[in-house]
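Written below as structure tokens is the structure these notes are about.
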2 protein chains.
Amino acid sequence: MAAKTDIKGTDETRAGDVLHRMRLDIISCALKPGTRMRFETLKELYAVSFSTLREALQRLVAEGLVISEGQRGFMVAPLYLSDLQDLTDVRVLVDQECIGRSILHGDDEWEAQIIAAFHRMDRLKARLNDLYFMSDEWAVLHGDFHRSLVSACRSPTLLDFRDKLFQRAHRYRRMSCQFRTKWRPKDVEHRTLMETVIARDAPAAKNLIERHIRETTENVIQNAGQFLSTEPTAFPGILKSIAAE
Amino acid sequence: MAAKTDIKGTDETRAGDVLHRMRLDIISCALKPGTRMRFETLKELYAVSFSTLREALQRLVAEGLVISEGQRGFMVAPLYLSDLQDLTDVRVLVDQECIGRSILHGDDEWEAQIIAAFHRMDRLKARLNDLYFMSDEWAVLHGDFHRSLVSACRSPTLLDFRDKLFQRAHRYRRMSCQFRTKWRPKDVEHRTLMETVIARDAPAAKNLIERHIRETTENVIQNAGQFLSTEPTAFPGILKSIAAE
DNA sequence: ACACCACTGATTTTCGAAAATGTGAGCATC
DNA sequence: GATGCTCACATTTTCGAAAATCAGTGGTGT
């Protein structure tokens with residue numbers, strides 16, 4: 001039945017709830033990349049027991065948001081330049097494929113969902129103007145819009161993978177906001193993307209999504225590239241250096 | 001750091017060990033697809049406690065080998081025809097990409113690993129002749145060979161995803177062995193694949209791997225297609241029908 | 001001075017009992 | 001006869017204490 005990972009994580013169990021909250025904290029960088037996650041701390045932060053925490057953490061490891069080592073516990077996955085580049089390439093591959101298939105299979109309802117998602121995103125942006133991209137609410141609607149584009153691709157496996165990649169990438173975008181100097185206007189890109197997809201022009205849409213993804217990554221690197229770790233990540237080594245700051 | 005899922009699962013903790021054993025049991029179909037996994041049963045089967053089991057199960061869910069629903073527990077992921085087809089398409093996409101990149105980046109050591117892996121697989125096949133494909137040992141060496149082909153692709157994210165797909169696909173291959181009527185000789189295909197990859201002929205290699213994957217799937221469908229479920233899988237519904245058999 | 005070992009405190013991992021939840025049977029009602 | 005309700009049982013989920021493991025410290029021998 002393919003990957004039933006349920007990216008929402010809200011499976012009405014307590015661990016699912018903690019997973020959900022923890023994930024938001026990680027992708028919003030409220031839990032800083034590279035920080036050690038001690039159980040005592042987390043326990044009072046989320047008000048649940050060891051086992052429940054452990055369960056949520058395990059699932060986050062599978063999503064690539066947390067890493068764990070042997071008997072040494074967990075830490076928020078650090079942000080690496082090399083990881084961002086890897087992520088970018090894979091996202092281009094996967095999103096292109098998903099968009100191609102969606103254009104092939106999508107029906108009227110699919111188009112309607114895209115237009116609706118764009119409208120919601122566009123209106124919110126107008127309301128929040130200028131610092132809209134810092135808002136968590138906008139992050140959700142932006143994510144929804146991009147997902148609507150690929151939602152008709154008819155591959156649960158690919159879609160599930162795509163969602164995880166998108167989430168991981170979001171942490172880098174979020175981090176770069178803080179150091180932002182300039183930000184290119186993405187609303188035009190989004191509109192063009194929508195129009196091209198609905199016009200069923202697959203090659204053009206694939207080009208657009210590639211440019212969209214790669215340019216965003218370049219922006220991130222320009223804004224925050226110097227703050228990204230450069231990979232010398234032995235697990236115990238980093239713990240001290242991070243705890244120190 | 002990317003996806004650090006550690007497909008071996010042996011992170012020297014007890015849960016890691018259980019994960020490892022359980023995964024083998026699922027892949028080898030010792031735990032039958034679609035069966036409900038009750039804690040009492042698993043507890044004495046693997047001789048660990050609730051929490052430890054739970055932890056291993058969560059990780060298996062992330063790998064797509066187990067599915068879980070709300071407060072209803074876990075079950076071995078069923079095998080669906082539609083899932084197999086989805087899996088096949090995605091594997092073609094991902095393996096082609098990985099092979100292309102490996103051919104681009106691979107060095108002498110990479111070639112050596114491929115040749116060594118092929119040799120190990122080939123010799124074992126000769127020793128086991130005729131029913132080699134039922135052997136668990138061969139499954140390992142066959143997996144190692146395919147992985148060696150793509151191992152130089154320089155994308156942890158893609159490789160990790162590929163490994164999970166390969167594993168999920170293995171369950172279908174394993175199941176079809178039991179109902180096997182005929183089996184095409186794959187050793188020639190493997191040799192050609194190896195030679196083409198080492199000759200750095202990317203387009204040809206991509207064609208070969210696609211044919212290899214798709215033909216294997218067709219074989220599986222011919223042998224065992226009628227035994228695959230056809231997707232009407234509400235969670236509580238299937239429980240009774242399976243428990244009954 | 002340097003390497004090695006044992007010990008201590010901090011932290012993670014595991015356990016099994018207790019709480020929460022789902023499932024199905026039996027009964028009342030329409 | 002079918003539908004909805006309540007209760008008892010089976011099963012999962014959560015909890016916090018106990019065991020296992022790791023990291024750092026001090027002492028000993030060379």
Side-chain angles (χ1 to χ4, degrees), chain A residues 4 6 9-22 31 34-62 66-77 233-244, chain B residues 4 6 9-22 31 34-62 66-77 233-244:
Chain A
K4 177 150 192 159
D6 185 8
T10 160
D11 53 8
E12 52 192 78
T13 153
R14 193 168 301 207
D17 179 52
V18 173
L19 168 65
H20 186 61
R21 285 189 285 154
M22 226 173 200
L31 288 172
T35 50
R36 177 81 178 277
M37 307 174 89
R38 286 203 190 70
F39 279 87
E40 286 301 335
T41 316
L42 295 177
K43 215 174 98 162
E44 64 181 61
L45 191 55
Y46 294 99
V48 286
S49 70
F50 293 114
S51 334
T52 308
L53 273 175
R54 186 154 256 280
E55 189 161 326
L57 284 168
Q58 288 293 355
R59 295 213 232 170
L60 288 169
V61 169
V66 164
I67 65 182
S68 77
E69 183 128 335
Q71 310 258 25
R72 267 171 258 235
F74 300 81
M75 77 184 229
V76 183
T233 322
F235 202 89
I238 210 165
L239 297 184
K240 276 174 286 188
S241 60
I242 298 226
Chain B
K4 182 157 186 151
D6 185 9
T10 161
D11 52 8
E12 54 193 77
T13 154
R14 193 167 301 207
D17 179 52
V18 173
L19 168 64
H20 186 61
R21 285 189 286 153
M22 226 174 200
L31 288 172
T35 51
R36 176 79 176 278
M37 307 174 90
R38 286 201 189 71
F39 279 87
E40 285 302 334
T41 316
L42 295 177
K43 216 175 99 163
E44 64 180 64
L45 192 56
Y46 294 99
V48 288
S49 71
F50 293 114
S51 334
T52 308
L53 273 175
R54 188 155 255 281
E55 189 162 326
L57 284 168
Q58 288 294 355
R59 295 212 232 171
L60 288 169
V61 169
V66 164
I67 65 181
S68 77
E69 184 126 336
Q71 309 259 24
R72 264 172 261 235
F74 300 81
M75 76 185 229
V76 183
T233 322
F235 201 89
I238 211 166
L239 297 184
K240 276 175 287 188
S241 60
I242 299 230

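Letters A, B, ... are given to chains in the order of the sequence lines, protein chains preceding strands, and every chain is numbered from 1.
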Between the protein and nucleotides 16-21 of chain C, list the N/O to N/O atom pairs that are separated by less than 3.5 angstrom.
unit_1	atom_1	unit_2	atom_2	d
C:dG16	O6	B:Ser51	OG	3.0

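Judged purely by atom type and a 3.5 angstrom limit, B:Arg14 has no side-chain atom pairing as donor or acceptor with the backbone of B:Val48. Using modelled atom types, no side-chain atom of A:Arg59 and backbone atom of A:Leu19 make a donor-acceptor pair closer than 3.5 Å.
Every residue was checked against the side chain to side chain donor-acceptor pair (under 3.5 Å) condition with B:Thr41, not counting sequence neighbours, and none meets it.
The separation between A:Glu44 atom CD and D:dC15 atom C1' is 17 Å, rounded to whole Å. We find that CD of B:Glu55 is positioned 13 Å from C1' of C:dC15, with the value rounded to whole Å. One can place CG of B:Leu53 at 10 Å from P of D:dT12, the figure rounded to the nearest angstrom.
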Problem set entry | Reading 5' to 3' through nucleotides 5-10 of chain D, protein heavy-atom contacts under 4.0 Å coded B for base, S for sugar-phosphate only, - for none | ------
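The only option from B:Val66, B:Val76, B:Leu42 that meets the side-chain contact (heavy atoms from CB on, under 4.5 Å) definition with B:Met22 turns out to be B:Leu42.
Relative to the axis of its first five pairs, the axis of the last five pairs of the helix from C:dA1-D:dT30 to C:dC30-D:dG1 sits at 10°, rounded to 10 degrees.
Checking C:dT12, D:dT14, D:dT13 against every side-chain atom of A:Phe39, the shortest atom distance belongs to C:dT12. Checking D:dT13, D:dC15, C:dT12 against every side-chain atom of A:Arg54, the shortest atom distance belongs to C:dT12.
For residues 46-56 of chain A, the salt bridge (charged side-chain N to carboxylate O under 4.0 Å, His left out) pairs, not counting sequence neighbours, are A:Arg54-B:Glu55, A:Glu55-B:Arg54. Applying the salt bridge (charged side-chain N to carboxylate O under 4.0 Å, His left out) rule to pairs touching residues 41-51 of chain A yields nothing, sequence neighbours excluded.
Residue A:Thr52 places at least one side-chain N or O closer than 4.0 Å to OP1 or OP2 of D:dC15. Within the structure, a side-chain polar atom (N or O) of A:Arg72 is placed less than 4.0 Å from OP1 or OP2 of D:dA23.
Expressed to the nearest 0.5 Å, how far CG of A:Leu60 lies from CG of A:Leu53 amounts to 10.5 Å.
Ring pair A:Phe39/A:Phe74 is perpendicular by interplanar angle, where above 60° counts as perpendicular and below 30° as parallel.
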